[in-house]
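Within every chain, numbering begins at 1; the chains are lettered A, B, ... in the order of the sequence lines, protein sequences first and strands thereafter. These figures come from a predicted structure and were not determined experimentally.
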Amino acid sequence: MPKVAEKEGKYVYRVKKHGEMKTDAVILSDWETIDEEAIQQIINVATLPGIVKEAYAMPDIHWGYGFPIGGVAAFDVEDGIISPGGVGFDINCGVRMLVVDGPASIVKGRLDELVKRIYELVPVGVGETSDLKFSKKDFKRIVTGGAKVVVEMGYGQPEDLERIEDYGSIEYCDFSDVSDEAYDRGKDELGTLGAGNHFIEIQEVVEVYDPEIAKVFGVAPGSITVLIHTGSRGFGHQIATDYIRYMRDELKEHNKGLPDKQLINAPFKHSLGQAYYSAMNCAANYAFANRQIITHMIRKAFKSVCGLNVKLVYDVAHNIAKVEEYQIDGKTTKVIVHRKGATRAFGPGNPKLPALFRETGQPVIIPGSMGTASYLLVGTKKAEEWTFGSTAHGAGRTLGRREATRELSADRIINELKEKGVKLMAKSKKGIVEEAPEAYKNVDKVVQIVDELGISRKVAKCVPLGVIKG
DNA sequence: ATGTCC
């Protein structure tokens, strides 16, 4: 443990404000699994203008571009900043859980066919495009309106919308803040999965920790669930790239003296900060629409192969910045919360939640690495009071992609999944090694920590039956 | 994460 960190409690470590830090940094994790580069990154975040309360690291923290992945930081909207590195390149990368309306036995009996059908319907892999064609006018409607626009176009049902974070639509956005290049990269990728850690997984609920909440969420022991993990593809990536460049070129003086160039940012109130916020929200809407279209394809697959309907459980964002209000030093303060590899975890009574989840708190989805468990949890008041309504987002890497490629073998991983009875279809062997379970922390441990800390609570555990990867 | 280097 670096000398700067003090243990404050079980899974709570504090780096007291020192040097250029404007606030403390708090690490919520077991110490053994953390790399020191990521700790330095959350310390760097605490030096940024307008940061309020504390910077937080979740138990799945690992090194990222500028900000660590698994980091949460809130900046005052009046004198704080917004930073593309605090959101991530895959803007509104997130996870959506579906539940199959019917017996597990039917799905298990047709698993191979089902995985194959989904693989045919959803384009996967780097740079993969879809056959769906949207006019520029429709594309503009989609990225400014999100999931509801594609539902209107026939991809899903109006009831889906209240089961998406922010109803799958973020209002503050203007298409004129999006570059032509971002449009070009994004126009043919709606309805595609992508690569890297993105996946579609068919799972079975093996354990329910809170039956009442599980019932509200629509799952029970033995339920078949489907997880979709993807984001805004080349569209969001280009928007991040564009605005990092604009901020570097146009805000030289403001960004002078950063502890790390990758922390490049704009004052939130500055026209460039507002333009990034707007373009980022276009990418967020794109990602919600993307997961909605993929849901439609999965529903088609289940209908044709099993004759079963599929319902939405919930859809969460884990790479995004949002304006929210919190009590800070007894004062209601409007902040721009950056959740990078962190999941919103609003508790019971939060007015931003639909009536459906008003009494329980919002569903939270924490996927594991390939072949391991995934969890459905519920948000808490404690998260709202402590971590700006945030919790972890996944297992978190322990090996970089390059290290994983060097140390692990795709064939062995394929065999291990086969032995476990998990059906895998993947576009590339490279993706398999990079996403091997050995390259990640143990998701069970991450979930145990957030549950014990009370920043979200376990509801159900799912294990994989079939995996589709890029 | 990503038309995995403009």
* Asked: CZ of A:Arg248 versus P of B:dC6: gap in Å, rounded?
  -> 12 Å
* Using whole Å, report how far CZ of A:Arg245 lies from P of B:dT2. => 18 Å
* Asked: Considering residues at least two apart in sequence or located in another chain, which fulfil the ring pair (Phe, Tyr, Trp, His ring centres under 6.0 Å) criterion with A:Phe134?
  -> none
* Looking at every strand, decide which applies to A:Lys340 at a 4.0 Å heavy-atom threshold: base, sugar-phosphate, or nothing. => nothing
* **Whole-Å distance separating the CD atom of A:Glu181 from the P atom of B:dT2** => 16 Å
* To do: Hey, which sits more toward the 5' end of DNA chain B by its nearest nucleotide, A:Val126 or A:His198?
  => A:His198
* To do: Could you tell me whether A:Ala195 contacts a base, only the sugar-phosphate backbone, or nothing, with contacts defined as non-hydrogen atoms closer than 4.0 Å?
  => sugar-phosphate
* Asked: Rounded to the nearest Å, what distance is computed from the NZ atom of residue A:Lys430 to the P atom of nucleotide B:dT4?
  -> 10 Å
* Rounded distance in Å - CD (A:Glu128) to C1' (B:dT2) -> 14 Å
* Please state how far atom CD in A:Glu189 lies from atom C1' in B:dT2, giving the value in whole angstrom units. => 9 Å
* **Ring centre gap for A:Tyr167 and A:Phe288 strictly below 6.0 Å** => no
* Heavy atoms under 4.0 Å, any strand shown: does A:Glu435 hit a base, just sugar-phosphate, or nothing? -> sugar-phosphate
* Does a nitrogen or oxygen in the side chain of A:Arg233 sit under 4.0 Å from OP1 or OP2 of B:dT2? -> yes
* What's the CD1-P distance between A:Ile239 and B:dT2, to the nearest Å? -> 14 Å
* **Length of the line joining A:Gln238:CD and B:dT4:C1', which is rounded to integer Å** => 14 Å
* If a pair satisfies salt bridge (Lys or Arg N to Asp or Glu O under 4.0 Å) and one of its residues is in residues 459-470 of chain A, list it, with sequence neighbours excluded. => A:Asp444-A:Lys461
* **ring pair (Phe, Tyr, Trp, His ring centres under 6.0 Å) evaluation trace for A:Phe235 with A:Phe139** => CA-CA 12 Å; A:Phe235 184 66; A:Phe139 185 90; 5.4 Å; yes
